[in-house]
Amino acid sequence: MSTDTTTETPEAAPVPPPGNVPRTRRAQGHQRLLTRRDRITLGLMAGVPTVLHVALVWLTALASIALAFTTWDGIGFDAIQWVGLQNFRELFTNNPQFWPAVEHNVIWFVVLILIPTPLGLFLAVQLDKRIRFSRVYQTAFFLPVVMSLAVIGFVWQLIYNPDTGLINSLVGANKPGHYIDWIGDPDLNLWAVLIAASWRHTGYMMILYLAGLKSVDPSLREASALDGANEWQTFKNVIFPTLRPTNTVVLVVTIIEALRAFDLVFVFNKGAEGTELLSILVTNNIIGESSRIGYGSAIAVVLLVISLAVIVPYLIATFRKERQA
């Protein structure tokens, strides 16, 4: 009696047709290490900006701090002489322009925080209602922010011109004996410059607040409306408290704008006759016929310390929130 034994051979796996290679194999085939050329390219892309940033920002800042304790006319490094705190003592006690410049920077900040900031918030609230042509309005209000401050200064010089300026023409003060010198009068020129600065700052604040309003949860508005709150009550009790992070950014930005104010004033009258600012004093002492680079650096260090007193607490609070989150 014979038994037929049949051996079953496993079927060969189907071979996929050409062009239909599985994705896993195709992905593995494209995983390659960076070539030497790629590494050189990435190194240059990251290294060149880093070197420029360190050289133009950090090294110059450290050099300014070091020069603040010296006297130097800018001609030859061998002329640098160490004087210690003499520049700061002279700055705080014997410079008649320093404290008026500090006062003007403070006035600059107060005006920016009281006039264009609330106006920018008002415009942002109105544009957030999705009215018709809102994009056109946003562009129109934000256009001064895009323009150079020097260009804005030249535009407002034409507006303030005593003979052909728009303001004097409207109020009838463009005739001999009735001129209003908006730029040359020490009692008016600072406020005239602040009007131009506020015109630009309003659009900046509008964009910041508009971005903050877009992040507000719509359910908060709906819940407030169901509770019977009107539009003002909703904004005061619901919307504005949620804008606290935006308000912090607005405050820091406004302080920085007040401290670094330079372009408008320099274009108007170079910081003379009642428009002195710390930045103007730095420029006048470093760049001029009689360069006092050490003394100008001392003023720059004072400006740097004031800026850090505002920026450092903001950064600490921001990093602390991120760590807690």
Side-chain angles (χ1 to χ4, degrees), residues 48-110 112 148-150 153 186 189-190 193-194 197 251-316:
V48 173
T50 302
V51 171
L52 291 176
H53 178 77
V54 172
L56 299 179
V57 178
W58 289 100
L59 292 182
T60 53
L62 294 176
S64 297
I65 295 174
L67 289 173
F69 301 94
T70 66
T71 177
W72 185 34
D73 58 3
I75 302 176
F77 292 104
D78 54 348
I80 300 176
Q81 297 180 0
W82 181 267
V83 295
L85 298 176
Q86 178 181 341
N87 290 329
F88 294 96
R89 283 195 295 266
E90 182 181 352
L91 179 64
F92 293 137
T93 58
N94 298 327
N95 190 334
Q97 293 181 322
F98 175 72
W99 292 112
V102 174
E103 180 183 356
H104 294 160
N105 278 105
V106 173
I107 293 175
W108 199 287
F109 165 71
V110 172
L112 290 185
S148 169
L149 284 171
N189 51 18
L190 179 63
V193 177
L194 283 172
L251 178 62
V252 174
V253 168
T254 304
I255 294 175
I256 294 175
E257 288 289 324
L259 291 176
R260 73 182 189 91
F262 172 81
D263 310 64
L264 283 176
V265 175
F266 195 81
V267 169
F268 268 64
N269 60 356
K270 294 181 173 56
E273 299 179 357
T275 57
E276 297 87 356
L277 295 173
L278 291 175
S279 57
I280 297 293
L281 295 184
V282 173
T283 304
N284 290 341
N285 282 276
I286 293 180
I287 303 175
E289 295 181 359
S290 57
S291 297
R292 303 178 62 190
I293 296 180
Y295 191 71
S297 299
I299 305 175
V301 169
V302 173
L303 191 58
L304 176 63
V305 171
I306 297 175
S307 303
L308 292 178
V310 177
I311 297 174
V312 170
Y314 168 72
L315 293 177
I316 293 175

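Please read all numbers here as calculations on a predicted model, not as lab measurements. Start at 1 with the first residue, then count along the sequence.
- From Ile316, atom CD1 reaches atom CD1 of Ile311 across 12.0 Å, with rounding to the nearest 0.5 Å.
- Salt bridge annotation for Arg292-Glu90: present, with a cationic side-chain nitrogen under 4.0 angstrom from a carboxylate oxygen.
- Remark: side-chain polar atoms of His53 are not paired, donor with acceptor, to backbone N or O of Pro49 under 3.5 angstrom.
- The heavy-atom pair separating Ala298 from Phe88 by the smallest distance is O-CE2, 3.7 Å.
- Going from atom CD1 of Ile80 over to atom OG1 of Thr71 covers 10.0 Å, rounded to the nearest 0.5 Å.
- Side-chain atoms of Phe268 and Thr275, non-hydrogen and from C-beta on, never get closer than 4.5 Å to each other.
- Between atom OG of residue Ser64 and atom CD1 of residue Ile293 there is a gap of 9.5 Å, rounded to the nearest 0.5 Å.
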Item checked: Residues Leu112, Glu257; criterion side chain to side chain contact (heavy atoms under 4.5 Å, CB included); working and verdict -> CA-CA 9 Å; Leu112 290 185; Glu257 288 289 324; 4.3 Å; yes
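- With Ser297 contributing its side chain and Ile65 its backbone, the two residues share no donor-acceptor pair below 3.5 Å.
- Leu308 approaches Pro313 most closely through the heavy-atom pair O-CD, 3.8 Å.
- Remark: side-chain polar atoms of Asp263 are not paired, donor with acceptor, to backbone N or O of Ser148 under 3.5 angstrom.
- To the nearest 0.5 Å, atoms CG (Leu149) and CZ (Arg260) are separated by 6.5 Å.
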Margin query: Evaluate Ile256 against Val310 for side chain to side chain contact (heavy atoms under 4.5 Å, CB included), listing each step before the verdict.
Written below: CA-CA 8 Å; Ile256 294 175; Val310 177; 5.7 Å; no
Item checked: Verdict with supporting geometry, Leu91 and Ile299, side chain to side chain contact (heavy atoms under 4.5 Å, CB included) -> CA-CA 8 Å; Leu91 179 64; Ile299 305 175; 3.6 Å; yes
Item checked: Full working for side chain to side chain contact (heavy atoms under 4.5 Å, CB included) between Thr254 and Leu251 -> CA-CA 5 Å; Thr254 304; Leu251 178 62; 5.6 Å; no
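- Rounding to the nearest 0.5 Å gives a distance of 4.5 Å between CG of Leu194 and CG of Leu190.
- For the residue pair Trp82 and Ala66, the shortest heavy atom distance occurs at CZ3-O, 4.4 Å.
- For the side chain to side chain contact (heavy atoms under 4.5 Å, CB included) test with Asn87, the passing option among Phe92, Tyr295, Phe69 is Tyr295; the others fail.
- The side-chain heavy atoms of Leu278 and Phe98, taken from C-beta on, include a pair separated by under 4.5 Å.
- The distance from the CD1 atom of Ile280 to the NZ atom of Lys270 is 9.5 Å, given to the nearest 0.5 Å.
- No donor-acceptor distance shorter than 3.5 angstrom exists from the side chain of His104 to the backbone of Leu277, with no hydrogens or angles considered.
- Using a distance-only test at 3.5 Å, with no hydrogens or angles considered, a donor-acceptor pair links the side chain of Ser291 to the main chain of Ile286.
- Residues Leu259 and Trp108 have side chains not in contact (no heavy-atom distance under 4.5 Å, counting atoms from C-beta outward).
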